[in-house]
Amino acid sequence: MRDQAGPRVLLRRLRELMAEPLEPQERLDRIVREIAANMVAEVCSLYVLRADSVLELYATEGLNPGSVHHAQLRLGQGLVGTIAASARPLNLSDAQRHPAFAYLPETGEEIYHSFLGVPVLRAGRTLGVLVVQNRTMRTYREDEVEAMETTAMVIAEMIATGDLARLTRPGLELDLRRPVSFSGMSFNEGVGLGHVVLHEPRIVVTDLFNEDSEQELRRLASALGSLRLSIDDMLSRRDVAFEGEHRAVLEAYRMFANDRGWVRRLEEAVSNGLTAEAAVEKVQSDMRARMLHMTDPYMRERMSDFDDLANRLLRQLMGRGPEALASTLPKDAIVVARSMGAAELLDYPRDRLRGLVLEDGAVTSHVVIVARAMGIPVAGQMKGAVSMAENGDAIIVDGEEGRIHLRPQPDVEAAYAEKVRFRARRQELYRELRSKPSRTADGTDVDLLMNAGLAVDLPQLAESGAAGIGLFRTELQFMVAATFPRAEAQERLYRDVMDAARGKPVTFRTIDIGGDKVLPYFKNTSNEENPALGWRAIRLTLDRPALLRTQIRALLKAAGGRELRVMLPMITEIGEIFRAREIIDREVRHLARFAHDLPTSLRIGAMIEVPALLWQLDELMRSVDFVSVGSNDLFQFVMAADRGNTLLADRFDPLSVPFLRVLKQIVDAGRTSGTPVTLCGELAGRPISAMALIGLGYRSISMSPASIGPVKAMLTELPLEKLEAFLADALSRPGAGRDMRAELSAFAEENGVPL
Ligand code: PEP
Ligand code: MG
């Protein structure tokens with residue numbers, strides 16, 4: 001008897017129906033009829049969730065046919081609305097006694113007692129509800145619930161592939177195509193319009209039904225076996241630093257992969273007639289939907305581990321390696337990822353990337369650092385974006401506001417397209433400025449340099465028209481790597497940088513790790529309470545001289561036959577410069593002994609980031625060939641205000657009288673001693689603050705390459721002598737209660753300086 005009916009037969013019939021050339025409505029009608037017959041139910045109905053959060057009856061066997069496309073329930077209303085909202089099935093022998101029961105007179109359903117409804121789910125989202133009803137009071141068996149869920153999955157595919165779109169009426173589109181916006185955080189400025197590329201593409205399972213369950217169960221078992229082996233293998237690898245979080249995640253994977261409940265649900269789905277792939281998708285989707293309602297953050301976190309695991313299993317089953325990227329990528333790709341490693345982003349061809357969306361991450365995540373270097377807008381903390389997005393959906397990343405708009409309405413898209421055009425026009429203006437001298441309106445030259453740190457930054461040197469690299473943050477190579485970069489890799493990067501600079505000056509800063517710049521493979525075991533004030537930068541490298549020696553040697557070798565500029569970060573005492581110099585001198589002697597080609601000149605500079613240097617400026621200037629103000633750190637230490645603390649982000653202003661006086665003191669000391677002074681913190685990159693710096697006497701500033709255009713546009717209109725007089729006067733007067741930012745912007749306004 002079970003052979004005549006039962007889930008297997010139903011799935012076979014559904015497969016036949018899907019293959020027939022039917023109109024969508026006809027197909028739905030036949031599907032519900034088939035389900036009703038198979039389940040020996042008098043009623044089978046399908047409700048589909050619309051974008052306005054209403055569930056509309058799309059097909060029925062047994063209820064009044066006239067109510068199709070008329071009967072509707074709000075999300076959360078009645079039994080059907082409850083199932084959709086909770087993403088859980090309801091199995092009731094007497095539906096009318098359920099507190100949520102809502103009677104829809106147009107359907108004529110009052111005579112039915114038993115009720116089984118399951119959500120139609122895809123990737124954890126509810127797309128509709130599938131219901132069977134009987135007159136008698138019966139309880140549906142577990143395997144019947146299972147069969148309904150499997151059938152619902154087939155319907156989910158129909159909805160997701162757009163099969164039902166032709167049945168919608170204008171203004172009443174399906175939920176799947178609904179425009180959604182997310183607010184999170186801005187990780188990198190810029191606006192990108194394009195199409196979604198899911199970083200870990202949801203593998204589309206097209207083959208839903210198996211021919212032979214026994215054989216399919218064996219395939220599943222074998223894939224599960226390989227999955228477990230690959231996890232064990234990763235856990236036992238010693239070459240990669242799988243410590244801390246990495247290890248914890250993998251251990252969780254191993255636990256899940258051996259979870260009896262998970263494996264049993266997969267086997268059940270296969271026994272019911274699904275392919276192993278479809279079974280993985282079904283179980284994953286059910287689980288996601290249920291977990292979404294959990295409030296325990298730990299469990300919700302674990303869900304993404306489970307997702308990853310299911311994706312791995314799917315890949316095992318389908319014999320797929322990582323997707324071949326370039327061939328399938330749209331020209332305006334916006335990559336949407338839960339999280340991502342920095343190296344993975346570099347796998348995408350830069351010329352097709354328009355933006356990056358991350359569900360997790362922080363401004364300091366490595367992938368974000370790389371994205372910033374690549375100049376693509378990044379929006380982060382976009383919880384839920386991955387499950388709402390489908391490959392190919394239109395999407396806008398607003399890196400300025402920290403928002404994304406998925407499937408945007410035409411007016412939103414038009415507004416953003418205008419914004420992008422505006423930005424492009426400005427870029428065009430900046431490009432024109434590139435060949436013009438970087439000189440004030442009254443004829444003073446100012447060097448505009450760029451900050452860099454990775455090979456991907458190098459093309460920007462020509463594109464931005466920078467006069468050189470004022471700060472090369474060598475620690476970035478260390479931060480995006482899985483282990484300490486070997487000496488050869490360091491040397492290669494430094495050589496590439498100098499080659500790309502074609503004789504323009506490059507200032508390499510020795511590694512500035514510690515503080516917020518952590519290397520996963522290099523743990524500071526002392527658990528510092530104030531890492532920004534802790535064991536970092538020069539303090540760390542002087543204590544671990546092998547690190548510094550290796551880097552200096554790589555720099556010296558790479559600079560053979562040309563000038564080398566080395567800058568020391570976080571100098572506090574002059575003695576640190578002497579100690580670093582000793583190490584450098586020893587390396588020079590070592591290379592000379594082995595007849596290596598040495599740099600034609602070697603200049604050693606110090607960063608001014610620690611306020612203690614302000615009271616030893618003369619001595620400092622005499623001890624180095626140049627200095628560079630790290631205004632990010634100097635400001636945080638002068639103001640005692642953590643640079644990463646959002647609560648303090650707008651509280652103190654670097655353009656305030658006291659900090660401007662500090663900056664002036666430094667540039668004056670440089671002038672007196674004849675030591676070149678640069679400034680390379682974020683302050684240099686905003687036109688208004690760059691204007692102030694130039695007015696104080698700075699003739700060399702280094703910034704992100706994207707800032708060079710706007711700063712140059714300001715510079716070429718700047719009446720410097722007037723500004724100098726204005727600032728000298730402003731800083732000689734008491735600062736209390738004054739708003740220097742407003743005064744500077746009024747000056748710019750009066751003098752036609754574009755900020
Ligand atoms: C600074 O502190 O201003 C600086 C340029 O260094 P970093 O931002 O890398 O700390
Ligand atoms: Mg710094």
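Note that ligands are numbered from 1 as they come in the structure, with each ligand's atoms numbered from 1 the same way.
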One residue to check: [X]. Relative to ligand 1, which of side chain, backbone, both or neither has a non-hydrogen atom less than 4.0 Å away?
X    : result
R509 : side chain
R473 : side chain
M570 : neither

Let me check your reading of the structure: within less than 2.8 Å of the Mg ion (ligand 2), is there an N/O/S atom from E609?
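It does: E609 brings an N, O or S atom closer than 2.8 Å to the Mg ion (ligand 2).
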Please name the atom of D633, restricted to N, O or S, that is closest to the Mg ion (ligand 2).
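The closest N, O or S atom of D633 to the Mg ion (ligand 2) is OD2.
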Selection from I608, N451, N632, L476 by shortest heavy-atom distance to atom 3 (O) of ligand 1
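Among I608, N451, N632, L476, the closest heavy atom to atom 3 (O) of ligand 1 belongs to N632.
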Over 12 foreign heavy atoms within 6.0 Å of [atom1], [X]:
X    : atom1 : answer
R579 : CZ    : no
E432 : CD    : yes
E528 : CD    : yes

Contacting atoms of ligand 1, where contact means under 4.0 angstrom from a heavy atom of [X]:
X    : result
G630 : 1 (C), 2 (O), 3 (O)
L471 : 5 (C)
R643 : 2 (O), 7 (P), 8 (O), 10 (O)
E609 : 1 (C), 2 (O), 4 (C), 6 (O)
D633 : 1 (C), 2 (O), 3 (O), 10 (O)
G681 : 3 (O)

Considering only heavy atoms from C-beta outward, does the side chain of V677 approach that of I666 to under 4.5 Å?
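When only atoms from C-beta onward are counted, I666 and V677 do touch, with a gap below 4.5 Å.
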Do you see a donor-acceptor pair shorter than 3.5 Å between the side chains of T550 and R486?
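No, because no side-chain N or O of T550 sits under 3.5 Å from a partner of the opposite role on R486.
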Do Q460 and D457 have a side chain donor and acceptor closer than 3.5 Å?
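There is no such pair between these side chains.
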Flag R536 as yes when one of its N or O atoms lies below 3.5 Å from any N or O atom of ligand 1, and as no otherwise.
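No; the residue has no nitrogen or oxygen that sits under 3.5 Å from a nitrogen or oxygen of the ligand.
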Could you walk me through whether T678 and S700 pass side chain to side chain donor-acceptor pair (under 3.5 Å), step by step?
CA-CA 5 Å; T678 306; S700 166; 3.2 Å; yes
When you check the gap from the basic side-chain N to the acidic O, do R565 and D625 get nearer than 4.0 Å?
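No salt bridge links R565 with D625.
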Look at R509 together with D512 and state whether they make a salt bridge at an N to O cut-off of under 4.0 Å.
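So R509 pairs with D512 through a salt bridge.
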